[in-house]
Amino acid sequence: MTAHDPLPELDPVIHAQPRLRIVVALATLNAGDRVAFPRLQQLVGMTPGNLSTHLRKLEEAGYVAVEKAFRRRTPVTWLSVTRTGRRALEDYTWSLGRLLNAAEPQPAPQNPPAPAPSEAS
Amino acid sequence: MPASTGDPADPTGAVASPTSPPASPAESLRLIDAQRKQAARAFFGTPVPILALWGVAWTLGFGAYYVTAADGHHLPAWVAGVVLALLGAAATAASVVQFVRQRRGLRGPSPSVAARYFWSWPIATLAMAVFDLGLDRQGLPGSVQSLLWSASFLFVAGLLYLAGGVLFGDTVMFALGAWTVVVAGASTFAGVPGNFAVLSLAGGGGLLLAAAVLRPRFRPARGA
């Protein structure tokens with residue numbers, strides 16, 4: 001990582017499409033609100049095993065909070081996006097916007113082509 | 001990682017992305033937008049069908065009352081009562097079904113607020129009915145009863161739309177509430193049967209207009 005990368009790196013945790021969709025779906029809920037596993041599964045259209053795998057990765061990254069509880073003796077898993085996760089999604093969306101702008105022809109670039117700005121990648 | 005480094009000697013001057021995403025950024029942004037819309041629709045639903053149903057119920061129900069009262073008793077008044085009751089029951093059922101389906105599998109502060117708002121409707125409406133019954137028992141003339149019942153229910157609905165506009169930060173809902181309470185208040189000045197025309201056209205019409213204004217905002221995401 002150099003101090004001045006010309007373009008932002010994309011967060012590998014949510015760069016995977018299924019995980020991106022999970023975080024986007026959870027981020028539509030207001031802070032403090034949680035959704036049960038089956039409802040999220042229905043929304044994103046994944047198999048339970050698939051969703052569990054992605055949720056574990058997201059939980060490890062600290063993006064998603066997983067809360068196991070019991071309701072009338074039945075286990076329920078409640079899911080929500082953490083503040084870190086919300087910020088990661090915001091950063092990711094911002095980075096995409098920058099990449100998009102960079103891909104378009106720029107009439108007058110701010111920096112003239114500097115000699116090898118990103119050698120250490 | 002097959003990261004292509006930006007080539008400083010690129011004659012076109014275009015900056016190659018250091019981490020080329022499998023999907024283009026534009027495509028990823030579209031995906032995020034579509035998923036966000038789909039999730040918002042699933043979690044929060046759309047008020048449009050419910051508003052439209054209630055709009056139809058008020059318009060046709062009170063329209064029927066106006067017709068039976070205004071045009072020399074070709075139709076008995078109970079027909080209008082049945083029309084309004086059936087349409088109102090259908091709209092109520094749709095509201096309950098939507099509420100139950102939306103609440104399933106959600107927990108937290110926002111679903112609790114939504115639940116309290118939902119329960120405000122039967123509580124306020126029943127209390128209004130009791131209030132009207134109490135006045136009726138004191139021996140109100142028939143025309144006053146008719147003015148009272150129709151206007152009071154629309155007034156309660158208007159107040160709750162105002163509350164909904166405040167709770168959910170929805171300008172259209174707030175405007176609908178303001179319009180509805182004004183219409184309800186003004187309807188008593190029209191007398192019977194003019195009040196039914198006011199409630200049908202202005203009251204039901206307001207609901208239908210609100211549904212039409214909100215429709216584009218809740219259109220399903222493209223391709224989803």
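Each chain gets a letter, A, B and so on, in the order the sequences are listed, and its residues count up from 1.
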Using heavy atoms and a sub-4.5 Å threshold, report which of residues 74-89 of chain A line up against chain B, by residue number. Trp78(A), Leu89(A)

Among Ser110(B), Ala42(B), Ala26(B), which residue forms the greatest number of heavy-atom pairs with chain A at distances under 4.5 Å? Ser110(B)

Proximal component of Leu31(B), with respect to chain A [non-hydrogen, under 4.5 Å]: side chain

Provide the closest heavy-atom pair for Pro109(B) versus Gly32(A) in the form atom of the first, atom of the second, distance. CD-O, 3.3 Å

Quick one: closest heavy-atom pair of Ala40(B) and Thr28(A), and the distance? N-CG2, 4.3 Å

Once rounded to the nearest 0.5 Å, what's the spacing between atom CG of Leu43(A) and atom CD of Gln35(B)? 5.5 Å

What salt bridge (charged side-chain N to carboxylate O under 4.0 Å, His left out) pairs are there with at least one residue in residues 25-34 of chain A, not counting sequence neighbours? Arg34(A)-Glu67(A)

Can you name the ring pair (Phe, Tyr, Trp, His ring centres under 6.0 Å) partners of Trp149(B), sequence neighbours left out? Phe153(B)

Residues of residues 96-105 of chain B within contact distance of chain A, non-hydrogen under 4.5 Å: Arg101(B), Gln102(B), Arg103(B), Arg104(B), Gly105(B)

For the atom pair CZ (Phe43(B)) and CG (Asn30(A)), what is the distance rounded to the nearest 0.5 Å? 11.0 Å

To the nearest 0.5 Å, how far apart are CZ in Arg107(B) and CZ in Arg39(A)? 15.0 Å

Per-residue contact mode, Ala31(A) against chain B (heavy atom under 4.5 angstrom): backbone

Return the OG to CG distance between Ser28(B) and Leu99(A), rounded to the nearest 0.5 Å. 9.0 Å

